[in-house]
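One structure is given here, and the rest of the page talks about it.
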Amino acid sequence: METEDLPPTVGVLLVDTSRGNRVGEFRGVAGFYWSLRPMGGGTEWEVEPRYLRTPFPIERLRARIARANARSRGDVL
């Protein structure tokens with residue numbers, strides 16, 4: 001992913017390579033950082049865009065499963 005591009009639309013999945021390839025949903029821009037939220041719910045975090053990449057198909061699938069499981073538990077709407 002080219003980090004100099006404009007930010008993606010809200011909801012796009014990205015992988016944070018600075019945190020062990022953690023997958024998050026793009027939420028917005030906060031200064032020099034982009035905000036991501038875990039797919040299964042939880043606290044948002046901020047990351048420099050240079051550490052982000054698009055997810056591989058297996059990472060996208062795992063994120064969708066995490067969200068489905070969180071919804072079944074009532075953790076996420």
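Applying the side chain to side chain contact (heavy atoms under 4.5 Å, CB included) criterion to A66, with sequence neighbours excluded, gives no partner residue. Under the side-chain hydrogen bond (donor to acceptor under 3.5 Å, both in side chains) criterion, T17 pairs with no residue at all, not counting sequence neighbours.
The hydrophobic clustering, which links ILVMFWY residues whose side-chain heavy atoms are closer than 4.5 Å, places W34 and Y51 together. Hydrophobic cluster membership differs between L61 and V12, with clusters built from Ile, Leu, Val, Met, Phe, Trp and Tyr side chains linked at under 4.5 angstrom.
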| request: Carefully, step by step, assess V15 and L52 under the rule side chain to side chain contact (heavy atoms under 4.5 Å, CB included). | output: CA-CA 5 Å; V15 176; L52 297 172; over 6 Å; no
| What's the verdict on side chain to side chain contact (heavy atoms under 4.5 Å, CB included) for L14 and V47, showing C-alpha distance, side-chain angles and the deciding distance? | CA-CA 11 Å; L14 297 170; V47 60; over 6 Å; no
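Taking the side chain as every heavy atom from C-beta outward, R22 and P38 approach each other to under 4.5 Å.
Here the CG atom belonging to D16 is positioned 11.5 Å from the CD atom belonging to E46, to the nearest 0.5 angstrom.
Applying the salt bridge (Lys or Arg N to Asp or Glu O under 4.0 Å) test to residues at least two apart or on different chains, the pairs with a partner in residues 56-66 are R53-E59.
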For residues 24-31, dump all side-chain donor-acceptor pairs below 3.5 Å to protein atoms at least two apart in sequence or in another chain.
residue: E25; atom: OE1; partner: R37; partner atom: NH2; Å: 2.5
residue: E25; atom: OE1; partner: R67; partner atom: NH2; Å: 3.2
residue: E25; atom: OE2; partner: R67; partner atom: NH2; Å: 2.9

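Residues S72 and N69 come closest through the heavy atom pair OG-O, 2.7 Å.
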